[in-house]
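Note that the coordinates shown come from a computational prediction; the quantities given were computed from them, not determined experimentally.
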Amino acid sequence: MAINRRKFMKTLFLSIVGLVGFIYLDSFWIEKYIIDWNEFDVSNNSSNKIKIIQLSDLHLHEIKYFHKTIAEKINSENPDIIAFTGDTITRTSKFPVLKKLLDLIDPEILKIVILGNKEHDGRILVSELNDVFKDYNGLVLVNENYIFDKLDRKINIIGVDSLMHGNPDFKKAITGIDKKLDTVVLNHCPEYSDVIDDLNQDEEVNIKMILSGHTHGGQITFFGKEIYKPVGSGRYLKGWYQNKNTKMYVSKGIGTTALPIRFCARAEAIIFHI
């Protein structure tokens, strides 16, 4: 049966309003504030697993309700380590906001932090950032390593500087480590993972995974294609990548930059078992 013009226009108008409403809701609420929690087991069935939660690209400006839900989830999961993989804050004036977030998280959980390009842009001193985190059982690694010990098991945590506006040095970061131990590399800009992968052909560090962020998963994507990726992303966007010698996970992160929206690039936090 033919549809009269008036009914057609009404249907078209309602469809457009519905589509615009969905895009607005998805961009300004769903993708930003309903956190996608992903979980992966890379332990090869180890009996003494170590649980790591990755938080990337928080871009903290204020504490909102969803930050509180993140903290509640972390506390309920009770991980061994929280890995802050860069762009946690953008300037020293946000230290009070960072402390408010850390106040919500169990102080017994170890926090390991690396720098992103935003910390460098904001001229945040490593010593000042370290002073904040050490009050919450945390430490900042800049081309450094740390041995985490749980019961009778040890793993290496490697933290490299940001490729963007920093000076990443994988060789310096692995100085003195036991290369046979399972190793997790924290590396903000995923493009530098190509350098790590090449260097590790000779170094032969037992890298279980590299954890990166920076890309925001494109932040705004259409049909799986991003409009823009920041310099330092390389060929990476989100999720798992297998290179010649290393495996990497690129987090879509939690915060936003430039535009306060996400579209088809849900904010995420990740739980790893190693």
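- By the rule that hydrophobic residues join a cluster once side-chain heavy atoms approach within less than 4.5 Å of another member, Ile50 and Ile210 end up as members of separate clusters.
- Between Asp80 and Ile109, the shortest heavy-atom distance links the atoms O-CG2, 4.2 Å.
- With hydrogens and angles ignored, the 3.5 Å screen pairs no side-chain donor or acceptor of Asn156 with any backbone N or O of Lys179.
- Identified under the side chain to side chain donor-acceptor pair (under 3.5 Å) test for residues 111-124, with sequence neighbours left out: Asn117-His188, Asn117-His214, His120-Asp161, Asp121-His165.
- Sorted by first and then second residue, the ring pair (Phe, Tyr, Trp, His ring centres under 6.0 Å) pairs involving residues 75-97 (not counting sequence neighbours) are Phe84-Phe133.
- Looking only at side-chain heavy atoms (C-beta outward), Tyr146 and Leu110 come within less than 4.5 Å of each other.
- The two residues Ala71 and Leu104 make their nearest non-hydrogen contact at CB-CB, 3.6 Å.
- Under the side chain to side chain donor-acceptor pair (under 3.5 Å) criterion, no residue pair touches residues 167-176, with sequence neighbours excluded.
- Ring geometry, Phe40 versus Tyr249: the interplanar angle falls from 30° to 60°, so the pair is classed tilted.
- The two residues Lys252 and Arg262 make their nearest non-hydrogen contact at O-NH2, 2.8 Å.
- The side-chain heavy atoms of Tyr136 and Asp103, taken from C-beta on, include a pair separated by under 4.5 Å.
- Legend: residues meeting ring-ring contact (aromatic ring centres under 6.0 Å, His included) with His59, ordered by chain and number and at least two apart, are His216.
- Residue pairs meeting the side chain to side chain donor-acceptor pair (under 3.5 Å) criterion with at least one partner in residues 66-75, sequence neighbours excluded, are Lys73-Glu77.
- The shortest heavy-atom contact between Asn187 and Ser212 is O-OG, 2.6 Å.
- Gln54 and Thr85 share a side-chain donor-acceptor pair at under 3.5 Å.
- For the salt bridge (charged side-chain N to carboxylate O under 4.0 Å, His left out) criterion with Asp182, the lone passing option out of Arg153, Lys49, Lys154 is Arg153.
- The salt bridge (charged side-chain N to carboxylate O under 4.0 Å, His left out) analysis of residues 86-99, with sequence neighbours excluded, yields no pairs.
- Among all heavy-atom pairs drawn from Asn245 and Asp197, the shortest one is N-OD1, 2.7 Å.
- Side-chain contact between Leu129 and Ile89 is present, with heavy atoms from C-beta onward closer than 4.5 Å.
- Residue Ser56 comes nearest to Gly213 through the heavy atom pair OG-CA, 3.5 Å, listed as atom of the first residue, atom of the second, then distance.
- Under the 4.5 Å side-chain heavy-atom criterion for ILVMFWY residues, no single connected hydrophobic cluster contains both Ile157 and Val142.
- No side-chain heavy atom of Val113 sits less than 4.5 Å from a side-chain heavy atom of Leu139.
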Task: Trace of the side chain to side chain contact (heavy atoms under 4.5 Å, CB included) decision for Leu55 with Ile254 - done: CA-CA 7 Å; Leu55 300 179; Ile254 292 170; 3.8 Å; yes
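- A salt bridge links Arg235 with Asp194: the closest approach of a Lys/Arg side-chain nitrogen to an acidic carboxylate oxygen falls below 4.0 angstrom.
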